[in-house]
Protein chains: 4
Amino acid sequence: MSEQPKAAPSATRRSEASRRAILTAAFDLVGEVGYAKLTIEAIAARAGVGKQTIYRWWPSKGAVLVDAVLMLSEDRETRTAALPDTDDLARDLKTALRATVAELNDPRYDQPLRALNTEIAHDPQLAATYRERLHEPMQEIKRQRLRKAWKAGQLDTDIDLDVAIDLLWGPLLNRWLLRTGPLTEEYADRIVDTALGGLNPRSWLLPGRL
Amino acid sequence: MSEQPKAAPSATRRSEASRRAILTAAFDLVGEVGYAKLTIEAIAARAGVGKQTIYRWWPSKGAVLVDAVLMLSEDRETRTAALPDTDDLARDLKTALRATVAELNDPRYDQPLRALNTEIAHDPQLAATYRERLHEPMQEIKRQRLRKAWKAGQLDTDIDLDVAIDLLWGPLLNRWLLRTGPLTEEYADRIVDTALGGLNPRSWLLPGRL
Amino acid sequence: MSEQPKAAPSATRRSEASRRAILTAAFDLVGEVGYAKLTIEAIAARAGVGKQTIYRWWPSKGAVLVDAVLMLSEDRETRTAALPDTDDLARDLKTALRATVAELNDPRYDQPLRALNTEIAHDPQLAATYRERLHEPMQEIKRQRLRKAWKAGQLDTDIDLDVAIDLLWGPLLNRWLLRTGPLTEEYADRIVDTALGGLNPRSWLLPGRL
Amino acid sequence: MSEQPKAAPSATRRSEASRRAILTAAFDLVGEVGYAKLTIEAIAARAGVGKQTIYRWWPSKGAVLVDAVLMLSEDRETRTAALPDTDDLARDLKTALRATVAELNDPRYDQPLRALNTEIAHDPQLAATYRERLHEPMQEIKRQRLRKAWKAGQLDTDIDLDVAIDLLWGPLLNRWLLRTGPLTEEYADRIVDTALGGLNPRSWLLPGRL
DNA sequence: TTCTAACCGAGACGGTACGTCTCGTCTTAAT
DNA sequence: ATTAAGACGAGACGTACCGTCTCGGTTAGAA
């Protein structure tokens with residue numbers, strides 16, 4: 001969507017250099033001045049580009065941000081194309097969640113990701129773009145690892161994989177975004193352990209109790 | 001915090017009528033025009049108040065919003081002083097999560113709560129206020145119900161209550177805020193079941209049961 | 001000066017339509033609401049112009065006013081390019097001073113001219129602009145008429161033409177601005193007669209007295 | 001007028017200390033920050049007085065200023081109760097006009113007097129007060145000296161004393177207020193000489209003298 | 001000598017305008 | 001024909017004062 005301009009200029013003549021300069025400037029600026037003070041004028045100035053060039057190709061500031069984050073994540077995505085897979089599900093999930101923690105705690109990504117989340121929260125249109133271009137691909141990667149575990153009998157048969165992913169990553173993202181507590185590796189590990197084991201007592205399932 | 005003005009005017013002669021008018025106007029307006037188009041000028045105009053009266057007592061638009069949400073939630077808080085407690089933990093948690101789902105889906109609260117979350121995500125100062133005044137009290141209510149279950153042996157001994165709460169409510173809030181999927185009662189139920197039971201297969205814990 | 005903006009925008013693309021609308025609005029408004037209640041916001045609104053367009057090209061409200069008065073006076077200036085010249089100096093001066101009286105008493109000019117005088121009195125910078133663009137050209141016109149009279153032997157050899165002009169017009173402007181008395185044609189005539197003849201008694205110069 | 005409050009408080013209990021503090025603060029402040037930036041709030045703060053105390057006794061900022069200038073000039077007025085009188089009219093007038101020049105050039109009086117003139121120019125009500133309390137008394141002093149000269153045959157019989165005064169002081173005040181030229185003692189002297197002798201050539205009055 | 005009505009300092013209030021900033025559109029000049 | 005540069009109409013920002021309005025606390029003059 002953010003790539004589909006309002007009235008579709010020829011698009012063939014679009015300057016790739018300008019496009020990259022704008023997205024880079026947007027990403028850098030949001031990291032420097034924060035989301036609230038990010039302005040189109042500043043992005044244009046930083047990118048050495050006329051304002052109109054931005055308005056021509058993106059419908060809103062948020063759309064620029066989505067594309068900016070997308071550009072960077074698409075470079076990485078190839079590298080992180082799959083979750084670790086060592087046959088030890090718990091360990092692999094802890095590695096994956098710790099990676100998420102590291103990324104969210106990375107000062108280079110903190111502001112851009114917060115800005116992205118804000119735009120998504122307020123603009124259903126952008127949320128759709130985000131789901132398709134960023135969320136769904138990553139969700140699928142996670143799903144694959146869990147599906148493999150499920151096939152290996154390492155997950156309960158009744159499990160909904162998407163719910164499982166929500167259970168693992170939801171608390172993390174939530175704590176980071178709302179700052180309701182410190183985002184540490186220990187927390188990530190505990191989430192994995194608790195999610196895998198469940199809240200119910202082990203005992204009542206044990207043979208001795210029967 | 002949001003009640004502590006910048007340079008602490010005498011506060012004795014503060015107009016309670018103006019305070020309520022401002023908070024009500026802010027809450028109503030954010031619901032009508034959305035967070036992005038919410039302006040201090042409009043709040044002041046709607047409240048029939050000078051802009052300075054807002055700037056005198058609140059340091060930012062976000063602080064007004066926090067107080068606005070607070071004002072409303074404090075009225076309800078007394079009613080919802082405790083989570084349901086019927087000795088059936090799963091059923092009670094489902095009731096509680098369904099209530100959260102209903103609230104998040106309520107069009108009257110949608111915009112204000114999204115705005116609140118945005119402000120918290122970008123302003124650590126406001127996040128602290130939010131934690132103390134809204135998050136922590138509600139967290140304690142949830143903790144109490146879980147603590148009771150824990151004492152009754154309905155929860156695993158090793159469980160960290162806060163992690164448990166995150167596991168239950170985190171996915172909900174996350175899905176709502178980022179619109180990664182529909183927020184239904186079924187989803188709430190499934191979260192409770194999955195969180196209580198865990199992702200691990202029942203079988204490997206209870207070989208004798210096979 | 002008032003045409004020289006603070007940091008000199010390119011000025012090539014300056015909108016002539018906006019410029020005229022602003023000056024006309026300023027002139028009209030000061031006549032309607034008076035100098036004290038003349039605001040930049042009202043000028044912008046009346047001119048159908050953004051406030052920034054005013055601030056971009058004029059450093060102060062006073063500078064706008066000077067230009068506004070200038071714009072009108074430059075249209076007239078061509079007509080009034082010279083003082084009447086009938087070889088009867090006294091009659092011509094009376095005609096000229098009566099014209100000044102009529103202008104100062106004209107309700108369309110009263111407020112704008114008072115506002116102009118106020119700005120000049122408080123801003124040496126504006127006073128310089130006024131001197132160069134308005135005062136000096138008019139002064140030269142008056143000088144020319146007096147110079148001609150001087151060459152014709154109708155003025156005392158020792159006369160300083162600028163002092164003569166001050167003597168004729170100073171009392172007029174003063175009485176008008178400070179309202180120390182009614183500004184009538186009779187007063188103008190009397191000024192001319194008194195200034196020409198001097199305060200000294202005629203007698204002591206007469207041969208009979210020697 | 002400026003002493004007559006709107007709805008006439010009892011005035012008996014009026015604090016003389018506050019009154020003087022306000023007038024002194026107003027006079028000092030206008031000299032420091034200039035007329036445009038003179039505010040009632042600053043006067044009140046400088047005087048250590050509540051704003052209401054100013055609004056209670058004066059209808060406008062201009063009224064305060066008139067009283068402030070009045071307070072100071074009333075102290076001096078007794079000293080300068082009369083113009084110099086040495087039987088040499090020209091010399092006496094030069095002395096008087098030089099005194100006016102000195103006063104207008106005095107940096108302590110420059111801003112207050114400009115402010116006063118501005119208020120008078122824009123508020124007929126204040127102009128009336130000024131005329132009665134300041135202008136007329138000084139006018140009478142000047143009139144007395146000229147009347148004496150007139151009786152002594154040192155002035156033309158047909159002279160209107162008020163016009164004569166305007167001819168002498170008008171150019172001065174005008175040049176000072178509009179900054180159309182430097183205000184020097186030489187200028188004052190020349191005004192006196194020119195006004196006394198008149199613009200007409202001496203010759204045509206005295207053919208026999210050729 | 002107490003009462004009490006006014007003035008006093010302080011400053012919060014509903015407003016208006018300030019001068020600045022950014023928005024999204026439109027125009028120009030130069031490549 | 002697209003770009004960078006940037007002027008434009010619009011309008012919100014946060015600040016400064018406006019003139020009005022309490023609020024307690026003196027401070028007389030009348031009781």
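These numbers come from a predicted model, not from an experiment. Chain A is the first sequence line, chain B the second, and so forth, proteins listed ahead of strands; every chain is numbered from 1.
Applying the salt bridge (charged side-chain N to carboxylate O under 4.0 Å, His left out) definition to pairs two or more places apart or across chains, those involving residues 33-42 of chain A are Glu41(A)-Lys51(A).
For the pair Arg13(C) and Trp57(C), the cation-pi test (distance below 6.0 Å, angle within 45°) is failed.
Closest to the side chain of Trp57(C), out of dC18(E), dA5(E), dC8(F), is dC8(F). Here dG19(F) is the nucleotide among dC7(E), dG19(F), dT22(E) with the atom lying nearest to any side-chain atom of Ile40(D). Checking dC8(F), dC13(F), dA17(E) against the side-chain heavy atoms of Tyr55(B) singles out dC13(F) as nearest. Closest contact between the side chain of Thr53(C) and the listed nucleotides dC7(E), dC18(F), dC8(F) involves dC8(F).
Closest-nucleotide positions on DNA chain E for Gln52(C) and Gln52(B) were compared, and the one nearer the 5' end corresponds to Gln52(B). Projected onto DNA chain F by closest heavy-atom contact, Leu38(D) and Ser18(A) fall at different nucleotides, the more 5' of which corresponds to Ser18(A). Each of Lys61(B) and Ala47(C) was assigned the nucleotide of DNA chain F with the nearest heavy atom; the assignment lying further toward the 5' end belongs to Ala47(C).
Checked options Thr118(A), Asn117(A), Asp110(A); the residue passing with Arg114(A) is Asp110(A) (criterion: side chain to side chain donor-acceptor pair (under 3.5 Å)).
Lys51(A) contributes a side-chain N or O that forms a donor-acceptor pair with the base of dG24(E) under 3.5 Å.
Contact annotation: Arg56(B) reaches the phosphate of dC13(E) (side-chain N/O to OP1 or OP2, under 4.0 Å).
Atom CD1 in Ile43(C) sits about 11 Å away from atom P in dG19(E), given to the nearest Å. Atoms CD1 (Ile22(A)) and C1' (dA4(F)) sit 11 Å apart, rounded to a whole Å. Atom CH2 of Trp58(C) is separated from atom C1' of dG19(E) by 16 Å (rounded to the nearest Å). With rounding to whole Å, Arg19(A) atom CZ is found 18 Å from dT2(F) atom C1'. Separating the CG atom of Leu29(D) from the P atom of dC17(F) is a distance of 11 Å, rounded to the nearest angstrom. Distance CD (Glu41(A)) to C1' (dC8(F)): 12 Å, rounded to an integer number of Å. For the pair Ile54(C) CD1 and dT20(E) C1', the computed distance is 14 Å after rounding to whole Å. Look at CZ on Arg13(C): it is 7 Å from C1' on dA29(E), rounded to the nearest Å.
Of the possible polar contacts, one joining the Arg179(C) side chain to the Ala121(D) backbone as a donor-acceptor pair under 3.5 Å is found.
By the ring-ring contact (aromatic ring centres under 6.0 Å, His included) test, Tyr109(B) pairs with no residue at all, sequence neighbours left out.
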